[in-house]
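Note that the structure is predicted; figures quoted are calculated from it, not measured.
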Amino acid sequence: MASSEEDGTVEEKENNNKKRTKSALATAWLTFYNIAMTAGWLVLAMAMMRFYIQKGTHKGLYRSIARTLKFFQTFALVEVRIVRTSVIVTGVQVCSRIFMVWFVTNGIRQIQNEESVILFLVVWTVTEITRYSYYTFNLLNHLPYFIKWARYNLFIVLYPLGVVGELLTIYAALPFVRRTGMYSMRLPNKYNVSFDYYYCLIIVMLSYIPLFPQLYFHMLRQRRRVLHGEVIVEKDD
Ligand SMILES: CCCCCCCCCCCCC[C@@H](O)CC(=O)SCCNC(=O)CCNC(=O)[C@H](O)C(C)(C)COP(=O)(O)OP(=O)(O)OC[C@H]1O[C@@H](n2cnc3c(N)ncnc32)[C@H](O)[C@@H]1OP(=O)(O)O
């Protein structure tokens with residue numbers, strides 16, 4: 001009897017140790033990930049500033065940072081599953097950014113020098129430096145108040161500004177996409193499938209109407225929870 005109790009205790013201890021090791025590894029990985037992402041977005045910020053100071057124009061800026069941007073924005077995909085936040089909320093945010101980078105700005109050279117591209121690039125960069133440094137310091141249990149404040153206040157202005165930049169960029173792409181028929185498939189073809197990227201872009205633009213408010217209100221709830229300590233019950237996915 002005594003021995004089986006002891007066995008149980010040993011097993012429990014082993015399980016607890018395994019759990020602790022797993023959670024320490026997860027925290028270490030997440031900390032490393034957030035440090036890498038903060039550094040990546042800082043590199044982007046510095047590259048943009050250097051370009052503008054040296055050239056005195058925003059023309060050509062996108063091309064000069066395209067590779068770094070594509071890498072760090074695409075890498076954010078890993079977040080969709082690793083953090084506790086709703087998969088839908090994080091998924092919509094990350095996928096819409098990846099779509100903007102790969103299928104709009106990168107795919108359509110003719111719009112890369114639009115001012116709206118610079119608008120969303122600057123807004124994303126400020127947001128991501130703040131967001132990833134917030135997660136990093138939070139995981140290290142040394143979170144300066146100004147970073148917490150910035151994380152849960154700047155988005156009030158930056159989120160709508162980013163949306164304006166993104167929508168204006170897609171809007172600028174429309175005439176070119178219509179003229180060239182890029183990424184589109186017209187009938188007849190051997191797959192018997194028709195796809196019009198022009199209308200796809202219009203649908204994406206319209207989908208901001210129901211989706212963006214959900215992201216924005218999610219952040220407002222997070223703000224109340226973190227800055228004002230309100231208890232908020234979120235619906236599961
Ligand atoms: C395929 C075609 C798709 C087309 C779709 C078109 C629809 C488009 C609509 C979308 C519009 C998007 C526009 C957007 O791109 C514009 C901009 O971004 S402009 C820049 C301003 N943006 C922002 O300020 C972004 C704000 N949004 C976010 O921060 C996130 O995206 C969001 C997922 C909304 C954040 O939500 P989250 O719930 O994660 O917030 P918290 O930061 O409070 O975190 C909650 C808890 O999770 C922990 N966490 C999260 N991430 C990490 C991490 N990387 N490392 C460690 N921990 C993490 C965090 O600490 C919190 O933990 P706790 O609960 O313990 O406090």
Inset, instruction - Mind telling me whether Phe75 and Phe71 have parallel, tilted or perpendicular rings, with 30° and 60° as the class edges? - result: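 Because their plane-to-plane angle is under 30°, the rings of Phe71 and Phe75 count as parallel.
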Inset, instruction - Evaluate the ring planes of Phe212 and Tyr159, with Trp represented by its six-membered ring, and classify them as parallel (under 30°), tilted (30 to 60°) or perpendicular (over 60°). - result: perpendicular
Hydrophobic cluster membership, [X] vs [Y], 4.5 Å side-chain cutoff:
{"X": "Val92", "Y": "Ile203", "answer": "no"}
{"X": "Leu61", "Y": "Val43", "answer": "no"}
{"X": "Ile209", "Y": "Leu167", "answer": "yes"}
{"X": "Met219", "Y": "Phe217", "answer": "yes"}
{"X": "Phe195", "Y": "Leu187", "answer": "no"}

Legend entry - Step-by-step side chain to side chain contact (heavy atoms under 4.5 Å, CB included) determination, Met205 to Leu174: CA-CA 11 Å; Met205 287 175 87; Leu174 288 176; 4.2 Å; yes
Closest approach of [X] to [Y] (non-hydrogen atoms, all atoms of both residues):
{"X": "Glu114", "Y": "Ala172", "result": "CD-CB, 3.9 Å"}
{"X": "Ile129", "Y": "Thr38", "result": "O-CG2, 4.2 Å"}
{"X": "Asn106", "Y": "Gln112", "result": "O-NE2, 3.5 Å"}
{"X": "Ile65", "Y": "Ala47", "result": "CG2-CB, 3.7 Å"}
{"X": "Ala173", "Y": "Ile108", "result": "CB-CD1, 3.6 Å"}
{"X": "Gly165", "Y": "Ser116", "result": "O-CB, 3.5 Å"}

Which pairs of donor and acceptor atoms, one on a side chain in residues 48-60, lie under 3.5 Å apart (sequence neighbours left out)?
from: Thr57; atom 1: OG1; to: Lys59; atom 2: N; distance (Å): 3.0
from: His58; atom 1: NE2; to: Asn113; atom 2: O; distance (Å): 2.8

With heavy-atom distances below 4.5 Å as the criterion, would you say the side chains of [X] and [Y] are in contact?
{"X": "Arg223", "Y": "Arg151", "value": "no"}
{"X": "His228", "Y": "Tyr152", "value": "no"}
{"X": "Tyr62", "Y": "Leu69", "value": "yes"}
{"X": "Phe155", "Y": "Leu220", "value": "yes"}
{"X": "Trp41", "Y": "Arg131", "value": "no"}
{"X": "Gln73", "Y": "Trp124", "value": "yes"}
{"X": "Lys148", "Y": "Val226", "value": "yes"}

For the atom pair [atom1] ([X]) and [atom2] ([Y]), what is the distance rounded to the nearest 0.5 Å?
{"X": "Ile98", "Y": "Gln93", "atom1": "CD1", "atom2": "CD", "value": "10.5 Å"}
{"X": "Ser96", "Y": "Leu215", "atom1": "OG", "atom2": "CG", "value": "7.0 Å"}
{"X": "Leu201", "Y": "Thr169", "atom1": "CG", "atom2": "OG1", "value": "11.5 Å"}
{"X": "Tyr134", "Y": "Thr127", "atom1": "OH", "atom2": "OG1", "value": "15.0 Å"}
{"X": "Phe72", "Y": "Thr74", "atom1": "CZ", "atom2": "OG1", "value": "10.5 Å"}
{"X": "Arg109", "Y": "Arg63", "atom1": "CZ", "atom2": "CZ", "value": "4.5 Å"}

Legend entry - Passing option when Tyr183 is tested against Trp102, Tyr197, Phe99, Phe176 for ring pair (Phe, Tyr, Trp, His ring centres under 6.0 Å):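 Only one of Trp102, Tyr197, Phe99, Phe176 forms a ring pair (Phe, Tyr, Trp, His ring centres under 6.0 Å) with Tyr183, namely Tyr197.
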Inset, instruction - Mark yes when over 12 heavy atoms from residues, nucleotides or ligands other than His142 sit less than 6.0 Å from its NE2; otherwise mark no. - result: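 No - once you tally the heavy atoms of other residues, nucleotides and ligands closer than 6.0 Å, there are 12 at most.
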Legend entry - More than 12 heavy atoms of other groups within 6.0 Å of Phe32 CZ: no
Are the side chain of [X] and the backbone of [Y] linked by a donor-acceptor contact shorter than 3.5 Å?
{"X": "Ser184", "Y": "Met182", "answer": "yes"}
{"X": "Ser133", "Y": "Thr130", "answer": "yes"}
{"X": "Tyr216", "Y": "Ile156", "answer": "yes"}
{"X": "Thr105", "Y": "Val101", "answer": "no"}

Inset, instruction - Scan Asn138, Leu139, Leu140 and name whichever one has a side chain to side chain contact (heavy atoms under 4.5 Å, CB included) with Thr136. - result: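 Exactly one pass, corresponding to Leu140.
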Inset, instruction - Test ring pair (Phe, Tyr, Trp, His ring centres under 6.0 Å) on Trp149 and Tyr145 and set out the steps. - result: CA-CA 6 Å; Trp149 183 93; Tyr145 185 76; 8.0 Å; no
Inset, instruction - Would you check, one step at a time, whether the test side chain to side chain contact (heavy atoms under 4.5 Å, CB included) holds for Arg186 with Asp196? - result: CA-CA 8 Å; Arg186 303 246 190 274; Asp196 197 322; 3.4 Å; yes
Inset, instruction - Please lay out, stage by stage, how Leu44 and Leu121 fare under the test side chain to side chain contact (heavy atoms under 4.5 Å, CB included). - result: CA-CA 9 Å; Leu44 269 170; Leu121 281 182; over 6 Å; no
